[in-house]
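Within every chain, numbering begins at 1; the chains are lettered A, B, ... in the order of the sequence lines, protein sequences first and strands thereafter.
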Amino acid sequence: MDKSKIILCRCEDITLDDVHRLLDEGYTTFEDMKRLLRVGMGPCQATTCGHLIQWQIANYLNQPMEEIKIQKVRPLTTGVTLNQIVEGIKHED
Amino acid sequence: MIYADVLIVGGGPSGLTAAKMCCEAGLSTIIVERSHILGGQLTKQTHKFFGSKDQYAKMRGIDIAVKLQEDLASFNTLTMMLETTVVGLYEDKVVTILQHNEYKKIKAKAIILATGASEKFLAFENNDLPQIVGAGALQTLVNLYQVIPGKSMVMIGSGNIGLIVSYQMLQAGIEVKKVIEATDRIGGYKVHASKLKRLGVDIQTRKTIKRAIGKDQLEAVEIVRIDENFQEIEGTSEIIETDLLCVSVGLSPLHQLASMMNCKTTYISELGGYVPLIDDHFQCSVPGVFACGDMVGIEEASSAMMEGYLAGLYTCNYLNQPHLEAESLISHYENQLYELRNGLFGRKTLRGIEKRKENLIHA
């Protein structure tokens, strides 16, 4: 099995190999991986990689999926330009 | 700032039914929908539904989508915002949206989240090759846009979606070479599996995909037999030539918007993943925020619609503007839901709902 050819995060092209390497280095939370690999920060916002990485962490730590937290969700869900925000404020009452 | 009594996020089966109840109670209601059409997954479902008349049985999903929209046509208190994405949700019930590239704010007295689910993906070698698609994407291409993306197909997953989509692809002229299933039994209804078998489609259990093969796009797949621990059994490899691979290994609730508002969520495997914790009235841990449909647990569209009606009715109660027939409608739709979950397939859902309740008490 070539782990470098198994994609877990399609937005950022992160492979199983990348994730396993971080796990071996001791980074065992989704939040750690998000900061180091940008998983969950692309257009799909972890809807693809979320459960795949959660499962890899659970498997690695030998814990049930229920115990594995995924990333904190924050606004914005999609790209908004500064111009759009400025224009939006203009119409504020 | 745009003001409304109720903001509904998602114009699928549960969002549209919730909207009907709110509008009938006289509440000003906004539906925000990312797509250019309403109906959610119903807009691709060319098959007929099961159940009773109240659950839209014998109707095709695509026709139910039209019916649900017709039910809303007469209300002038309803605003539909299509091609509109929710960008942020905040605890004071201010919602920011992007509507045709314009950034706007909505403030609602109550919010109903009906965002549905996303497809689960699978980890195998070369899983990013073109022509590897989810069942939802395939239905969109073939059923909605009449685009035939391949000549032959291998389907991974024998749940109802995997079986139904395989049948639809046969109808569209795609050769279905195999349906494979990792567990020891076919996941979906026997009636769907039998339909495929009668047409000569091989459904094999205890098999999984090891890798996709192809240079610029999918050319073949390697399938292997697996043991009860889902480990590959050596010497069982089989190469199947195909230019399309469909992955249908389940759905995950789209819980993200609830999490964003700090509604409590928990992972419940029976419901498909992380879900917001809701009380018996579909209310999340943040007062005035309701959630229904696949977002609170993966079920069929029939259940999502019953949940939508109920979430709508309970939202009206919360805003002290109950629907005129609230009492009878609530008991009617609660009964429908009970019936829908009464079968063999409902047991898992009921177990999940029980866990969701327990978690809410502890939260």
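Top candidate by heavy-atom pairs under 4.5 Å with chain B, chosen from A:Leu16, A:Val86, A:Leu52, is A:Leu52. Of the listed residues A:Leu8, A:Ile85, A:Asp13, A:Thr15, the one with more heavy-atom pairs under 4.5 angstrom with chain B than any other is A:Ile85. Considering only heavy-atom pairs separated by less than 4.5 Å from chain B, the leading option among A:Leu76, A:Asn83, A:Thr78 is A:Leu76. Between chain A and the residues B:Gly134, B:Ser259, B:Ala258, the largest count of heavy-atom pairs under 4.5 Å involves B:Ser259.
To the nearest 0.5 Å, the span separating OH on B:Tyr274 from CD on A:Glu66 amounts to 9.0 Å. The distance from atom CD of A:Gln45 to atom CG of B:Leu257, rounded to the nearest 0.5 Å, is 10.5 Å. Remark: B:Leu98 CG to A:Thr81 OG1 distance equals 8.0 Å, nearest 0.5 Å. Between the NE2 atom of A:His51 and the OG atom of B:Ser118 there is a distance of 8.5 Å, given to the nearest 0.5 Å.
Looking at A:Ile68, only its backbone comes within 4.5 Å of chain B, counting heavy atoms on both sides. For A:Lys3, no part lies under 4.5 angstrom from a heavy atom of chain B. B:Ile268 does not touch chain A: none of its heavy atoms, backbone or side chain, sits under 4.5 Å away. The contact between B:Lys120 and chain A is made by backbone and side chain atoms together, counting heavy-atom distances below 4.5 Å. Using a 4.5 Å cut-off between heavy atoms, A:Ile7 contacts chain B through both its backbone and its side chain. For chain B, no part of A:Glu67 is nearby; none of its heavy atoms comes within less than 4.5 Å. Proximity to chain A (any heavy atom under 4.5 Å) is shown, for B:Phe121, by both the backbone and the side chain. Heavy-atom distances place no part of B:Glu232 under 4.5 Å from chain A, backbone and side chain included. Only the side chain of B:Lys105 comes within contact range of chain A, judged by heavy atoms closer than 4.5 Å. Of the atoms belonging to A:Arg74, it is backbone heavy atoms, and not side-chain ones, that fall under 4.5 Å from chain B. Proximity to chain A (any heavy atom under 4.5 Å) is shown, for B:Ser269, by both the backbone and the side chain. Using a 4.5 Å cut-off between heavy atoms, A:Gln84 touches chain B through backbone and side chain atoms alike.
Atom NZ of B:Lys107 is surrounded by more than 12 heavy atoms from other residues, nucleotides or ligands within 6.0 Å. Within a 6.0 Å radius of CD1 in B:Ile161, other residues, nucleotides and ligands contribute 12 heavy atoms or fewer. Around OH of A:Tyr27, the count of heavy atoms belonging to other residues, nucleotides or ligands within 6.0 Å does not exceed 12. Summarising the local packing, CG of A:Asn62 is surrounded by 12 or fewer heavy atoms from other residues, nucleotides or ligands at distances under 6.0 Å. Enclosure of atom CZ in B:Arg206 by more than 12 non-hydrogen atoms of other residues, nucleotides or ligands within 6.0 angstrom is indicated. For B:Lys93, the NZ atom sits in a packed shell: over 12 heavy atoms of surrounding residues, nucleotides or ligands are nearer than 6.0 Å.
Side-chain contact between A:Lys72 and B:Asn262 is present, with at least one heavy-atom pair separated by less than 4.5 Å. For the pair A:Pro75 and B:Tyr90, the minimum side-chain heavy-atom distance is below 4.5 Å. Looking only at side-chain heavy atoms (C-beta outward), B:Arg211 and A:Asp2 stay at 4.5 Å or farther from each other.
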field: Evaluation steps, side chain to side chain contact (heavy atoms under 4.5 Å, CB included), between A:Met1 and B:Glu125
entry: CA-CA 7 Å; A:Met1 180 174 67; B:Glu125 246 179 87; 4.2 Å; yes
- prompt: Under the side chain to side chain contact (heavy atoms under 4.5 Å, CB included) criterion, do A:Ile70 and B:His255 qualify, and how do the steps go?
  reply: CA-CA 11 Å; A:Ile70 52 164; B:His255 63 95; 3.5 Å; yes
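A:Thr77 places no side-chain N or O within 3.5 Å of a backbone atom of B:Thr85 that could act as its donor or acceptor partner.
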